[in-house]
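As a basis for the values below, the full set of heavy atoms in this structure was taken, side chains included, without hydrogen atoms, waters or symmetry mates. Along the sequence shown, residues are numbered consecutively beginning with 1.
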Amino acid sequence: MLNNHSAPESTDPQWSDPFSDKLHEECGVAAIYGHPEAATLAYLSLYALQHRGQESAGISVSDGKAIQTTKAMGHVAEIFTDSVLREMPGSMAIGHTRYSTAGDTVERNAQPFSVHCSKGRIAVAHNGNITNASELRADLEARGAIFQASSDTEVILHLVAHSREKTLAGALRDALLQLEGAFSLVFLAEDRLIVARDPQGFRPLAMGQLEYSGGTPAYVFASETCAFDLINAVYLNDVQPGEMVIVGPEGVSRERFSPERRRSQCVFEHVYFSRPDSIVFGRPVQTSRENMGRSLAIQSPAPADIVVPVPDSGNAAALGYSGESGLPYRQALIRNHYVGRTFIEPSQAIRDFGVKLKLNPVRSLLEGKSVVLVDDSIVRGTTSRKIVRMVRNAGAREVHVRISCPPTISPCFYGVDTPNRNELIAANSTIDDIRRFIEADSLAFLSLAALSDAVQDQRGEYCYACYTGNYPTELVSIDQLIRAGRKADG
Ligand code: AMP
């Protein structure tokens with residue numbers, strides 16, 4: 001079921017509810033090699049990556065002889081208690097955290113997936129979206145493959161199992177070359193770890209090293225470097241687009257499974273998705289966001305008294321805006337970080353609770369003030385509308401909304417959840433229509449050129465498809481063409 005942005009506002013207490021009908025997955029992955037407490041380190045890494053997916057989490061661990069997987073719906077810390085981790089011995093592990101579609105919200109889609117095949121026992125976890133998954137799946141099914149889940153990731157395991165190559169690395173290379181789209185993958189075999197990134201490098205994957213007493217250094221991999229900080233690992237570099245890194249008893253080897261292609265790193269990782277304390281695609285996310293805010297202040301000044309971030313997504317850009325404009329930065333919206341999934345929905349009489357559960361205004365800061373409200377993005381527009389109302393109800397005289405990226409006009413097919421084109425408010429309305437819808441006194445978005453400058457993309461290495469509609473891969477399925485709002489026969 002797909003909502004329309006003009007439909008009645010959702011009453012789900014979590015205001016990320018616009019995304020509850022997601023078609024694609026947002027995920028985080030991690031991998032550890034060569035540490036006696038690999039499962040615990042994978043758990044801590046996933047804990048730091050929780051923002052990348054809150055629906056389910058899982059860890060596969062190997063003790064050199066067998067692979068064991070634990071996965072469940074829920075948050076990382078709920079699933080991996082002390083007693084669960086104690087039963088997961090081994091020096092190699094991979095982990096995954098996932099935010100899935102509502103229709104897909106079932107445990108059988110939780111990752112890692114693990115199978116026993118001619119190449120031995122293997123487990124895999126995936127961040128991204130395979131754009132030719134339905135075609136590959138139909139082909140595999142015609143050849144007798146039986147699928148247990150609806151996730152793209154299972155396709156990869158079947159491709160590996162069907163490969164005529166003798167070694168696991170060979171079969172993986174074979175499988176990866178058939179995939180289109182975005183993938184940062186971590187594989188676990190009984191005695192080794194293999195990680196890989198798609199040739200265009202859509203999603204991040206960082207490599208690090210961890211010294212520990214009494215052993216040779218362990219290797220760690222994660223979607224974001226904030227995972228390394230928690231486990232005291234040092235960030236070495238990124239797994240390169242089109243590269244496969246194999247870590248086994250013979251050491252580390254790095255090889256290209258695909259020739260270099262033009263990079264398409266997801267700019268939305270820097271706009272919203274990654275944590276500001278991470279280094280993503282080799283650059284600090286905080287720096288990019290402050291740059292976005294500074295440019296926004298230059299491009300779209302506002303007659304205001306204070307700059308207020310929408311926490312946490314607008315914090316860094318608001319800091320940049322404030323620094324550049326000279327307007328004071330005020331934390332006039334307070335976020336409750338403890339809004340849990342188990343919150344009981346209030347009755348009809350007290351609905352539209354939604355945003356209030358998560359944010360509360362500081363009246364003493366807002367009363368009588370003209371406010372610049374900075375947030376990262378507008379997707380359907382419902383969140384901004386609620387927040388603008390909240391700020392005004394708390395006494396603000398004027399509310400000027402500034403968004404630290406361009407209008408989102410096209411869905412993502414590479415692992416970020418955006419709704420269909422017809423539900424994206426900016427795909428169907430002018431900026432002034434959006435301003436009216438969100439009830440702001442003024443509204444401005446960052447320009448595409450300024451966004452590209454903010455991430456220092458001199459060489460055109462980022463994907464901006466959600467802002468331009470120009471996709472760096474072919475849209476191969478009818479579903480993609482329909483979601484992108486293009487004629488399936490065109
Ligand atoms: P809305 O305009 O009501 O659809 O919601 C936009 C807000 O949701 C933005 O301020 C972001 O902070 C957040 N957001 C944007 N994109 C995503 C996404 N792909 N997944 C989760 N939250 C998102």
Side-chain angles (χ1 to χ4, degrees), residues 25-64 66-100 107 109-114 122-127 153 184-190 192-195 204-213 215 217-235 247 274-275 277-278 337-338 340-342:
E25 299 170 10
E26 293 173 348
C27 306
V29 293
I32 315 289
Y33 181 92
H35 193 285
E37 290 182 78
T40 302
L41 292 182
Y43 155 72
L44 290 170
S45 304
L46 294 182
Y47 190 81
L49 299 175
Q50 184 73 79
H51 61 287
R52 297 184 72 88
Q54 297 94 41
E55 203 74 53
S56 67
I59 293 175
S60 294
V61 65
S62 171
D63 59 4
I67 294 179
Q68 184 198 149
T69 301
T70 303
K71 55 186 179 177
M73 305 304 286
H75 286 185
V76 178
E78 294 161 0
I79 303 166
F80 294 100
T81 56
D82 270 354
S83 57
V84 169
L85 288 168
R86 237 179 285 126
E87 300 301 312
M88 299 187 74
S91 61
M92 288 162 260
I94 59 170
H96 188 261
T97 171
R98 173 178 198 260
Y99 193 152
S100 68
E107 200 168 323
N109 276 327
Q111 297 190 28
F113 285 119
S114 121
I122 43 172
V124 61
H126 167 217
N127 174 211
T153 313
S184 283
L185 289 163
V186 292
F187 293 91
L188 178 67
E190 276 150 10
R192 66 194 52 231
L193 198 72
I194 305 183
V195 307
L205 188 59
M207 176 173 179
Q209 205 173 37
L210 174 63
E211 306 280 346
Y212 74 99
S213 59
Y219 287 97
V220 294
F221 299 86
S223 298
E224 292 180 40
T225 59
C226 63
F228 298 165
D229 298 337
L230 185 58
I231 61 175
N232 268 333
V234 179
Y235 167 54
V247 198
S274 294
R275 267 176 42 167
D277 50 337
S278 287
H337 288 265
Y338 307 100
R341 290 172 313 113
T342 49

Student: Do any N or O atoms from the side chain of Q50 and from the backbone of H75 form a donor-acceptor pair under 3.5 angstrom?
Tutor: no
Student: Mind listing the closest non-hydrogen atom pair of P89 and V61 along with its distance?
Tutor: O-CG2, 3.5 Å
Student: So, using side-chain hydrogen bond (donor to acceptor under 3.5 Å, both in side chains) as the criterion, who are the partners of S114 when residues are at least two apart?
Tutor: R121
Student: Just how far is it from atom CZ of R52 to atom OG of S278, taken to the nearest 0.5 Å?
Tutor: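 The CZ atom of R52 sits 8.0 Å away from the OG atom of S278.
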Student: Any donor-acceptor pair under 3.5 Å linking the side chain of T97 with the backbone of G53?
Tutor: yes
Student: Enter the distance from I59:CD1 to L85:CG here, rounded to the nearest 0.5 Å.
Tutor: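 Nearest 0.5 Å value for the CD1-CG distance: 6.0 Å.
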Student: Run the salt bridge (Lys or Arg N to Asp or Glu O under 4.0 Å) test against D277 and tell me which residues pass, sequence neighbours left out.
Tutor: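 In terms of salt bridge (Lys or Arg N to Asp or Glu O under 4.0 Å), with neighbours along the sequence ignored, D277 is linked to R275.
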Student: Does any N or O in the side chain of Q68 come within less than 3.5 Å of the main-chain N or O of D63, such that one atom is a donor and the other an acceptor?
Tutor: no
Student: Are the side chain of H96 and the backbone of A110 linked by a donor-acceptor contact shorter than 3.5 Å?
Tutor: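 No, because the side chain of H96 does not come within donor-acceptor range (under 3.5 Å) of the backbone of A110.
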Student: Heavy atoms, side chains only, cut-off 4.5 Å: are F221 and S184 in contact?
Tutor: no
Student: Is a side-chain donor or acceptor of S223 paired with a backbone partner of V29 at a separation under 3.5 angstrom?
Tutor: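 Yes; at least one donor-acceptor contact below 3.5 Å.
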Student: Between A206 and Y235, what is the shortest heavy-atom contact and its length?
Tutor: CB-CE1, 3.7 Å
Student: Determine whether Y43 and V84 satisfy the following criterion, side chain to side chain contact (heavy atoms under 4.5 Å, CB included), listing intermediate values before the conclusion.
Tutor: CA-CA 11 Å; Y43 155 72; V84 169; over 6 Å; no
Student: Below 4.5 Å, heavy atoms only, C-beta onward: do S56 and Q111 meet side chain to side chain?
Tutor: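 In short, these two side chains do not touch, never coming nearer than 4.5 Å.
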Student: Tell me, do S45 and I32 make a side-chain contact under 4.5 Å, heavy atoms counted?
Tutor: yes
Student: Drop me the distance from I67's CD1 to L188's CG, to the nearest 0.5 angstrom.
Tutor: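 Those atoms lie 4.0 Å apart.
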Student: Looking at M92 and A38, what are the two nearest heavy atoms and their distance?
Tutor: N-CB, 3.5 Å
Student: Considering residues at least two apart in sequence or located in another chain, which fulfil the side-chain contact (heavy atoms from CB on, under 4.5 Å) criterion with S91?
Tutor: none
Student: To the nearest 0.5 Å, how far apart are CD in E78 and CE in M73?
Tutor: 11.0 Å
Student: Heavy-atom count check: over 12 atoms from other residues, nucleotides or ligands less than 6.0 Å from Y47 OH?
Tutor: no
Student: Quick one: closest heavy-atom pair of M207 and Y219, and the distance?
Tutor: CE-CD2, 3.7 Å
Student: What are the two closest non-hydrogen atoms of L46 and G28, and how far apart are they?
Tutor: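 Nearest heavy atoms, L46 then G28: CD2-O, 4.4 Å.
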Student: Using the rule side-chain contact (heavy atoms from CB on, under 4.5 Å), only one of N127, T153, N109 pairs with R98; which is it?
Tutor: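 Of N127, T153, N109, side-chain contact (heavy atoms from CB on, under 4.5 Å) with R98 is met by N109 alone.
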Student: Rounded to the nearest 0.5 Å, how far does CZ of R192 lie from CZ of F187?
Tutor: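 Result: 14.0 Å between the selected atoms.
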Student: Determine whether F113 and K71 make a side-chain contact, defined as any pair of heavy atoms from C-beta on separated by less than 4.5 Å.
Tutor: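 A side-chain contact under 4.5 Å exists here.
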Student: Indicate the atoms forming the closest heavy-atom contact of A222 with L49, along with that distance.
Tutor: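 That closest heavy-atom pairing would be CB-CD1, 4.4 Å.
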Student: Atom CD of E37 and atom CG of L44: how far apart are they, to the nearest 0.5 Å?
Tutor: 9.5 Å
